[in-house]
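These notes are about the structure you will find just below.
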Amino acid sequence: MNLHVYNTLTKSKEEFVPLEPGRVKLYVCGITAYDYCHIGHARSAIVFDVIYRYLLYLGYEVVYVRNFTDVDDKIIRRANEEGVDYHTIVDRYIRAFYEDMDALGVLRPSFEPLATENIPQMIEVIRILIDKGIAYKAGSDVYFQVDRFPGYGKLSGRHLEDMMAGARVEVDANKKNPLDFVLWKGSKPGEPAWDSPWGPGRPGWHIECSAMGNRYLGATFDIHGGGKDLIFPHHENEIAQSEAAFDQPFVRYWLHNGFVNINNEKMSKSLGNFFIIRDVLKTVHPEALRLFVLSKHYRSPVDYSDETIAEAERGLEKLYSTFGSLLDRSPETAESVIDDKGLRSQDPELYEEISNLPAEFHEAMNNDFNTAQAIGYLFGLQRNLQRFLDRFGAKNLKGQAAALARKGGSLLRTYAGILGLLTRSPDDFFEELKDLKLKAIGLTKEEVERLIDMRNEARKTKDFSAADQVRLDLKEKGIQLEDTPRGTRWRVIL
RNA sequence: GGCGGCAUACCCAAGUGGUAAGGGAGCGGUCUGCAAAACCGUUAUUCACCGGUUCAAAUCCGGUUGCCGCCUCCA
């Protein structure tokens, strides 16, 4: 099966066929830079990062655009609260955004335009809409007249009449219809302003995506993504603006990710129940957050809790642990002795698992990016690899056995890598994890290792009660010991 | 009020017509000085409930209940 994606516009799964063969135009709504990002932003970023990585893996050339909204009411309000220029706010939070995204291993898109660097493009779109009689000036603002665009409501499945009846729309004397939305907003004194044919002002929120998308991707994008909450009004309005202005279909496939919930309720600024990424990463490994997000289908809601994130972290440790012992115990083998028959004879079940993984992984990902299922297959391979290693006890693997293990390991890393997982060396991963957790429980590596040395001295003299006491003390502090043939290893359990 | 989504074991979770993936946790075993980790075995005749279609339904249709989201800034 080729790649199929769920399209919000048609409410069904469709085969993905880009407009131009081999080339995908991808646009994802970025952030408004007025605050730190929370894990809902992280989910969206991770989900579309994986979609981007998978499209690249499939061999597409991907032009990926993700914008920054760097002028808007919330930014201005924040700047006023702090008594600083709005640039100060924007710079601070864009920098923080990059820190968070880099920590999470989210790849940079091809283009990351700022709204304020594309004002002329926006003015041009608004001018076209006014010329066509679809937008109108009222007071110092310019509005889009929704009843002049016949398809209005097609993405969110609403009808103008229903929305009117809903009556939750704010009344504005300037608007011909309460659902009309602002394209250009006249500035009050002291607010950031740009010159325009309609007087000094700033762009409305929706117009930036239409203008910047058109600039970097042309009139029609293959994929446009964002959180489910953007479907209405943001994406509905983008469609109206772009299709009314350019007379071409705006987007072929609309993809929307589900929310992160806390106690089964949407995490949001207004409810105040949100966790910002940088706080979470003080105690949770970034790849664990990734695994957590990708363990569920991207369109479903996910409930975030200490328990669910800890489960993800344990799973990640398991993957790295197997991968690590595999690297330690399967030295490079002379190429001459490797052949498929020989490999298979080492362990037919593992050999099958290895042979099947690529097809299984593709099948899962081609089914609307079913990362949860793909991860299930990765764990299947991990278990078979670990079982194979265990058959050799503490001994290193040799010859064909080592070759088979290495083959499995490299496959595991390749496919996990498409999900942005197993991107570190196991040693680095466990070091990072230790540093993170030690900081959280307030111990240093030196203290722990000193106690472990003491215990091992006691063990040498067979003073097991003293040794066990040290182990118990450490366990109470959150340090779990593991005696291995290569010495005592330890990890922090929270 | 309008529109939409979800309900699978102790917990998380995949599965959208062919007879219940995977992870966590628990229990029994192997290994270990003892542990831990790991491995093996085990934990849903059953998929919120009631009807219907079908040779066959967790999957399709109708109804009921419960939860959630959008309609206002929101990933």
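Hydrogens, waters and symmetry mates play no part in the numbers below; they use all other heavy atoms, side chains included. Letters A, B, ... are given to chains in the order of the sequence lines, protein chains preceding strands, and every chain is numbered from 1.
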query: Taking atom P of G69(B) as reference, at what distance in whole Å does atom CZ of R158(A) sit?
result: 15 Å
Which protein N or O atoms sit under 3.5 Å from an N or O of nucleotides 26-29 of chain B?
none

- line: Between K437(A) and the options E432(A), E431(A), E317(A), E313(A), the salt bridge (Lys or Arg N to Asp or Glu O under 4.0 Å) test singles out E313(A)
message: From CG of L294(A) over to C1' of A14(B), roughly how many Å is that when rounded to an integer?
response: 14 Å
message: With a 4.0 Å cutoff (strictly under), does any side-chain N or O of R77(A) reach OP1 or OP2 of C73(B)?
response: no
- line: Residue pair G315(A)/A372(A) against RNA chain B: nearer the 5' end by closest nucleotide is A372(A)
message: Please determine whether a side-chain nitrogen or oxygen atom of R387(A) lies at a distance below 4.0 Å from atom OP1 or OP2 of A38(B).
response: no
message: Give me the distance, rounded to whole Å, that separates U45(B) from U64(B) when you measure between the C1' atoms they each carry.
response: 26 Å
- prompt: Are K318(A) and A37(B) close enough that a side-chain N or O sits under 4.0 Å from OP1 or OP2?
  reply: no
- prompt: Base, sugar-phosphate, or nothing for N264(A), non-hydrogen atoms under 4.0 angstrom?
  reply: sugar-phosphate
message: Please give me the minimum heavy-atom distance between A372(A) and H297(A), naming the atom from each residue.
response: CB-N, 4.4 Å
query: Angle class for the F149(A)/F144(A) ring planes (parallel below 30°, perpendicular above 60°, tilted otherwise)?
result: perpendicular
query: Given G15(B), is OP1 or OP2 found less than 4.0 Å from the side-chain N or O atoms of N370(A)?
result: yes
query: How far, in whole Å, is A7(B) from U16(B) if one measures between their P atoms?
result: 12 Å
query: Is a donor-acceptor pair below 3.5 Å formed from side chain R471(A) to base A35(B), judging by atom type as modelled?
result: yes
query: What is the ring orientation for H206(A) with H234(A), classed by angle as parallel under 30°, tilted 30 to 60°, or perpendicular over 60°?
result: tilted
Y377(A) ring over G22(B) six-membered base ring, under 5.5 Å and 30°: no
message: Given a 3.5 Å cut-off on both pairing distances, which stems involving RNA chain B, each at least three consecutive Watson-Crick or G-U pairs, are present, if any?
response: B:1-7 with B:65-71, B:10-12 with B:22-24, B:25-30 with B:38-43, B:48-52 with B:60-64
message: Across nucleotides 5-10 of chain B, 5' to 3', mark each nucleotide with B, S or - according to how protein heavy atoms within less than 4.0 Å reach it.
response: ------
query: Quick one: are the ring centres of Y304(A) and F292(A) less than 6.0 Å apart?
result: yes
- request: Round to a whole Å and report the spacing from CG of D72(A) to C1' of A75(B).
  value: 15 Å
